[in-house]
Amino acid sequence: MKVYKFGGASVRDTAGIRNLEHIVRLEGASDLMVVISAMGKTTNALERVVDHLVAGHEDEAMQEWIAVIDSHVAIMRELGLQPGVDVRLQGEIPFDPARPYDENYDQIVSLGEIMSTQIIAVYLLHQGLSVEWWNMPRLLRTNDCWREAVVDTLTSAATIRAGWERKDRPSVVVTQGFIGGTADGRRTTLGREGSDYTAALLGNFLDAESVTIWKDVPGILNADPRLVEDTVLIPELRYHDAVELSYSGAQIIHPKTIRPLENKRIPLYVKPFGDPTAAGSRIHADAVGPINVPVYIWRKNQVLITVRPLDFSFVLEESLNRLFEIVHRHRLKVSLIQASAVTISVSVDHTRYVDEALDELREQFRVNYNDGLSLLTIRGTTPEILHRESAGRNILLSQTTRRTARLLIQE
Ligand code: ASP
Ligand code: MG
C-alpha cells in the first residue's frame, strides 16, 4: 500500500480536487491511503473564528464562519455535489466559553479537515472510484494536550490496521491529516502543518511501501523559490538531512514526519502536484552522500530572549534547568541557543505563549528580548557565502560551525 498526502494548496479549488483524482487514478486507485489537509487557507480562517469568539466578537466570528461554509458550498456545487444531501456541513460553531482556549481551538479548527475530506471522498465516489471516508478523531487516539496532542501509537496502530485489513475495505481510503481524538471522543489537533506527520504515522502503522507528499513545488529545493532565484532541486536526501532542514525552518515537511518513516525505512517522496510523473525528491535510508549544494533556510517570526540570573549564579551550572523548564512548560519552540558565562540566549518562534513565559522568566532573571527576527541557516556555507549573506544586515547573533552558519537577523 502507499500513502499520499495532499496539502491545503493542492485542494484549494475544484481544479486541484480534479487533479487529485487524476493522481489517484495514475496509481490505479488501489491500496491507497489519501491524507488531506483543510482546503486553501481554511485553517487560518477557523483560527480567526476562535479568536473572535474568545474576544467576544460574535458578529465577526459569524461572518468569518459563514465565509468558510460558503466557500465549501461553492466548491461542492462546482463539483456537481448537492450541499446538504451529499455532504452535510457542520451547522453550528462548536464553541463553549467554559472550555479553555486551546480546547475550543481544537474543536473548531479541526473542522477544516473534516469538511475537505468529506467533500473529496464523496466526489471521488461519484466519479466511480471505490472509496471510504475515515474519521481520524475516532481512529487516531491522542491525549488531551490540545493543539499539540500526543498520539497513542499502540492503540491507534491497532485500530487503523484492523480497519485497513477488513475484507470489504474499498481500495481507496480518504482521511484527515492533522487531527485525532481523545478516548472520550473530543477532537484534537497535532500542531500546525501536522498533516505530513499523520501521513507518516499511517505509513508506519500500515507498513507502507512509500509515503508521498504532493506539493506545489518541484520537490525539496535548496532555498525558498519565493525568496531566492536559481534554486536547485535536491533529488535525494538522507533522513537526518530532512530532519535538519525541516527543523531549521524549511517549510517543506513537518519536522515530526521523519521518525515514523525512518523507524521502518519507508521512503518519503516530495513531488509536484502539477506534474505527477516528475521524480521530485526522495528521502530514504540507502547510501546517499551529503547534499552538495549550499542550502538556505529561513525561519521567520523569531524572538530572541536573553536572560541573566538575578542572583549572579553561574548561568550554565545553575540556571539552565530553570530556564528550560519555563520554556518547555509554555510550549516555546527553541530554534537556537547560545550562552556566555553570565547570560543565556534562546531564540524561539513567536507564538501566543511568549508573553506569559517572559513574565515568568522575569521573576528569576533579568530579561532582554527582541522580536521580529528571522533565523537564516546556511548549510554547506563557505567564507564567501557568509560574507555575502551578512553584508548590510543587522545580525543580532551568529553561530558558525565548519559547514553550517546560523544568523539571527533583525529585518
Ligand atoms: N490544515 C492544517 C494547517 O494548515 C494542517 C496542515 O495543513 O498540515 O496547519
Ligand atoms: Mg496547510
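One-based numbering, in listed order, for ligands and for the atoms of each.
In this model, a donor atom of one side chain and an acceptor atom of the other lie less than 3.5 Å apart for Thr189 and Asp106.
Residue-to-ligand polar distances place Glu193 within reach of ligand 1: an N/O pair is separated by less than 3.5 Å.
A heavy-atom separation below 4.0 Å is found between Gly194 and ligand 1.
Classification of Glu411 and Arg393 as a salt-bridged pair fails, no side-chain N sitting under 4.0 Å from a carboxylate O.
Within the listing of ligand 1, atoms 3 (C), 4 (O), 9 (O) sit less than 4.0 angstrom from a heavy atom of Arg192. Close contacts of ligand 1 with Thr43, meaning ligand atoms under 4.0 Å from a residue heavy atom, involve 1 (N), 2 (C), 3 (C), 4 (O). Those atoms of ligand 1 that come under 4.0 Å of a heavy atom in Phe178, given as number and element, are 2 (C), 5 (C). When each atom of ligand 1 is checked for a heavy atom of Ser37 under 4.0 Å away, the hits are 6 (C), 7 (O), 8 (O).
Judged by the 6.0 Å and 45° rule, Arg259 forms no cation-pi pair with Tyr239.
Only side-chain heavy atoms of Glu113 come within less than 4.0 Å of ligand 1; its backbone N, CA, C and O stay farther off. By the criterion of a heavy-atom distance under 4.0 Å, both the backbone and the side chain of Ser195 are placed next to ligand 1.
Sequence neighbours left out, the pairs with a member in residues 45-68 that pass salt bridge (charged side-chain N to carboxylate O under 4.0 Å, His left out) are Glu47-Arg192, Arg48-Glu64.
Screening Val73, Ile119, Ile75 for a side chain to side chain contact (heavy atoms under 4.5 Å, CB included) involving Leu81 leaves a single residue, Ile119.
Relative ring orientation between Trp134 and Trp164 is described as perpendicular, the plane-to-plane angle rising above 60° on a 0-90° scale split at 30° and 60°.
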